[in-house]
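Below you'll find the structure, written out as structure tokens, and then a few comments.
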Amino acid sequence: MTEARKSNGRLPWPYDLLLLAVLAVPAFSGYPLANLPAQIVAGVRWSWVFYFAAIHLAAGLVLGRRLYANIVALAALITLPVVYAGAAISWVGFQLGLSGTGPAAAGSHYLQLCLTMLTVVPLALAMVSVVPFHRIEQSLLLRLDGVTATQKKILMAMRVFNHIAFFVLPGTLEVLREERPMARWRRQWASGKVARFSLLGRLPGHLVLLSAEIISASLQYVPLWAHEIARLPERRNGRTK
Amino acid sequence: MIFAQTNNSRRETRFFESFEEREAAFNADVGRLIPGRYRGAHYFWRDFSRLTEGLDAARARVPAHITSNPRDCLAFGTAEQVLAAASMSAGTRVTGPDRPLEKITVQFGLEKVGRQPIRSLSGGETVRLALAKAMLAAPGTEKLVIASPFCWLSQHHLPLLETVEAKYADLGKPVRILAMAGEDSLAPLEAGWLTPADQSPQPFDLALERLHIQLGTPVNALTAKPALAGVADFHQTLASPCLVTGDNGQGKSVLAKALCGAAVARGLARVGSPGRSGRPRLLFQDVVTQTLLRSPAQMAAEFGGMNGRDAGEICGAVLEDVSNRLTQNGRMPETQAPGEPTLLVVKAMLIAVRLAALPSALILDEPDWGFARDKAIAFVLSVVRHCHERGVPVMLISHKPWWGPMAGSVLSVGKTAPRSERDLFGIRVERV
């Protein structure tokens, strides 16, 4: 990816990361977004609308069309369930008298939440995707006279990240594609009330197991890698230890 | 129970009847640095917690090693890094006019893949890299321990293992191989294993047309057009069980994943009997990964319920059939200890869940992985029999020379030149 971007005349990745980091300051600090109270509709500020546009313009320029489109799709997949589920839960709470926040107030809240998430989630994904982790890992063992202590720590972090991104998650996706659990659950849901209750009872266990297995797979070889990396001769002040 | 132990001048080979004992022995040799994930998440956390408390002591005892999945012992991003790290850690001279590192790279056929990410290497390249790493680690270690090399080494690569053994022998350092009983056998399965029911091949169709299989990972696909493997068209009626052969890294597993939908692919990839609906199902080589949606305990609970009764019956029948076949051929059947299910039980459960859904075909990817030879033969024959009873054809992927006498038809899978501009390489399927 980085080679293609260089041929397109784009900036090297540290500059892209710096640009996105500077643009992230308002999201983390609230300044000046909180200081501009003018609203486009109830609960949604003009400042956030402009900030949303600025983030997406910057992300599009930095990432290129393909990656930007994929990141926007991912952000939507993350945002919409959260916003709609949150709104639905608020409505149920209001109907049951558990919450005093009516639809008007809750509506503007979730509208702002949607705008916020569609701004900060793409920003976060863009900041992660501009960093060429694989190239960083590859650059860490170019010298054959040892590695520094800092490089060892970076190697370990890169190993874990790359293992999760390029082995654990793809392997999990392969298993999920082969199993097609959604199709199976839909069939069970459609087969009657008893099957639905049974499915609802088992579903949390399946999801907990999936999460536990992914975490276990991510960590399984950390001790072995730690051993391999720790054995590398350490280079200090230009001398090998 | 250790089945047998052999010693020659170069290696000590210990054979095991059970996967669990082999894993425990390997883990003992490598300082228990691999928490037992195959036992389930609960046990994994317990082992991992204990491990992190005593990591320094454990680390001190670790010899050079190759895990049962060679990719898992490669701790760096590229082949070049793996070899450089192995050399540095062993204190081996890696620079100089004779370019020792480059010589090893060429000797093990890795000269073209040095800077490629490990994840993009084929199975064969990964195997060669693990062996090259072990070769370079020799001066700095007390011994070499290898888990089940004959499960992942094709005959083509056996000379490389012998090269590594010779290196350790020259240095006076032992090589310990921990293998499943009969794993190294080159003999076809004996006629006594086959019953008349096992010798009734069933016809099925395999159709591959304009098929391009997406390679790489979803992360790669986010940033660039994904690389593809183009598969040559193939339309034939075959006989089940169909044996799919080929050397390491020729695309057998990639093709199997495309057939069952586990890999993203474009074009036609269809397998099944005429008039049978359903989709193909696949038993992965790494079955531990396949339990991430349903643990053995959850599957067992489902088997007792209304929706899982068929699968429960199939599982029980397969296990009983395996036990009977072993007994009839003078072998010890597996005894089930209460508590943790064994690898055989887990595989039987996964097969049962798939077979109960009446797939259009069942594909077994290296089903002998983790089994002693006798158990593997009994298991595969039992699965084939129960599939045929339900009209489900079976494709068996294996590089082992055991399966010829039972195969109804044989396919050979091999890599070719790219079939189009977007292909990284091509795959050709031929009937043997």
Side-chain angles (χ1 to χ4, degrees), chain A residues 1 4 64 66-67 70-71 74 129 134 137-138 140-142 144-147 155 158-159 162 165-167 169-181 184 188 191 194-195 198 202 205-206 209-210 212-217 219-221 223-233, chain B residues 30-31 33-35 37 41 44-45 48 51-52 55 58-59 62 67 71-73 75-78 80-81 84-85 87-89 91 94-95 101 115 117 119 217-219 221-225 257 260-264 279 281-282 284 286 289-295 298 301-302 305-307:
Chain A
M1 175 184 82
R66 183 183 182 92
L67 182 54
N70 287 325
I71 278 179
L74 264 177
S129 54
H134 60 287
E137 187 180 21
Q138 286 171 27
L140 289 172
L141 271 180
L142 291 181
L144 297 174
D145 58 347
V147 293
L155 268 172
M158 292 294 106
R159 184 89 295 270
N162 285 328
F166 296 111
F167 285 107
L169 293 181
T172 302
L173 281 174
E174 280 184 352
V175 173
L176 289 175
R177 284 194 205 106
E178 195 275 340
E179 283 268 5
R180 291 188 205 173
R184 189 175 71 243
Q188 287 181 10
S191 60
V194 174
S198 172
R202 290 199 312 269
H206 289 316
L209 177 71
L210 176 64
E213 288 287 349
I214 289 173
I215 294 171
S216 300
L219 299 179
Q220 183 179 11
Y221 293 102
L224 269 180
W225 301 330
H227 164 72
E228 297 255 345
I229 292 170
R231 287 187 68 209
L232 292 172
Chain B
V30 297
L33 284 186
I34 306 176
R37 179 172 158 253
F44 171 83
W45 284 117
F48 193 81
L51 178 64
T52 53
L55 193 58
R59 218 169 56 199
V62 180
T67 46
R71 199 185 297 267
D72 295 331
C73 65
F76 301 96
T78 65
E80 212 171 69
Q81 285 184 315
S87 303
M88 281 194 276
S89 300
V94 295
T95 55
L101 201 56
R115 298 206 168 175
R119 63 182 180 274
T217 65
V219 175
L222 280 177
T223 59
K225 285 187 179 176
K257 288 172 184 174
C260 75
V264 177
R279 62 183 179 90
R281 298 299 302 270
L282 171 65
F284 285 36
D286 178 10
T289 305
Q290 274 195 296
T291 60
L292 61 82
L293 271 178
R294 281 174 294 192
S295 67
Q298 286 173 331
E302 281 180 34
M306 186 176 61
N307 290 326

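Computed over heavy atoms, backbone and side chain alike; hydrogens, waters and symmetry mates excluded. Quick caveat: nothing in here was measured; it's all calculated off a predicted structure. Letters A, B, ... are given to chains in the order of the sequence lines, protein chains preceding strands, and every chain is numbered from 1.
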- Item | Shortest non-hydrogen separation from A/V175 to B/F284 and the atoms involved | CG2-CE2, 4.0 Å
- Message: Which atoms of B/T289 are under 4.5 Å from chain A, going by heavy atoms: the side chain, the backbone, both sets, or neither?
- Response: both
- Task: Kindly give the heavy-atom pair with the smallest separation between A/R177 and B/A262, and that separation in Å.
- Result: NH1-O, 2.8 Å
- Query: Which answer fits A/R180, side chain, backbone, both or neither, if we ask what part of it has an atom under 4.5 Å from a heavy atom of chain B?
  - Reply: both
- Message: Need one label for A/R231: side chain, backbone, both or neither, based on atoms under 4.5 Å from any heavy atom in chain B.
- Response: both
- Find the distance between CG (B/L33) and CD (A/Q220) and round it off to the nearest 0.5 Å. 12.0 Å
- chain B heavy atoms under 4.5 Å from A/L155: which part of the residue, side chain, backbone, both or neither? side chain
- Query: At what distance, to the nearest 0.5 angstrom, does SG of B/C260 lie from CD of A/E174?
  - Reply: 8.5 Å
- Item | Separation of B/F44 CZ from A/I215 CD1 (nearest 0.5 Å) | 9.5 Å
- Any idea which heavy atoms bring A/L209 and B/S295 closest together, and the distance? CD2-N, 3.0 Å
- Assert top hit (heavy-atom pairs under 4.5 Å, partner chain B, pool A/N162, A/L219, A/I229) equals A/L219
- side chain to side chain donor-acceptor pair (under 3.5 Å) partner of A/E178, the single match among B/R281, B/K257, B/R279: B/R281
- Quick one: closest heavy-atom pair of A/P233 and B/S89, and the distance? CD-N, 4.2 Å
- Query: Do any N or O atoms from the side chain of A/E228 and from the backbone of B/A75 form a donor-acceptor pair under 3.5 angstrom?
  - Reply: no
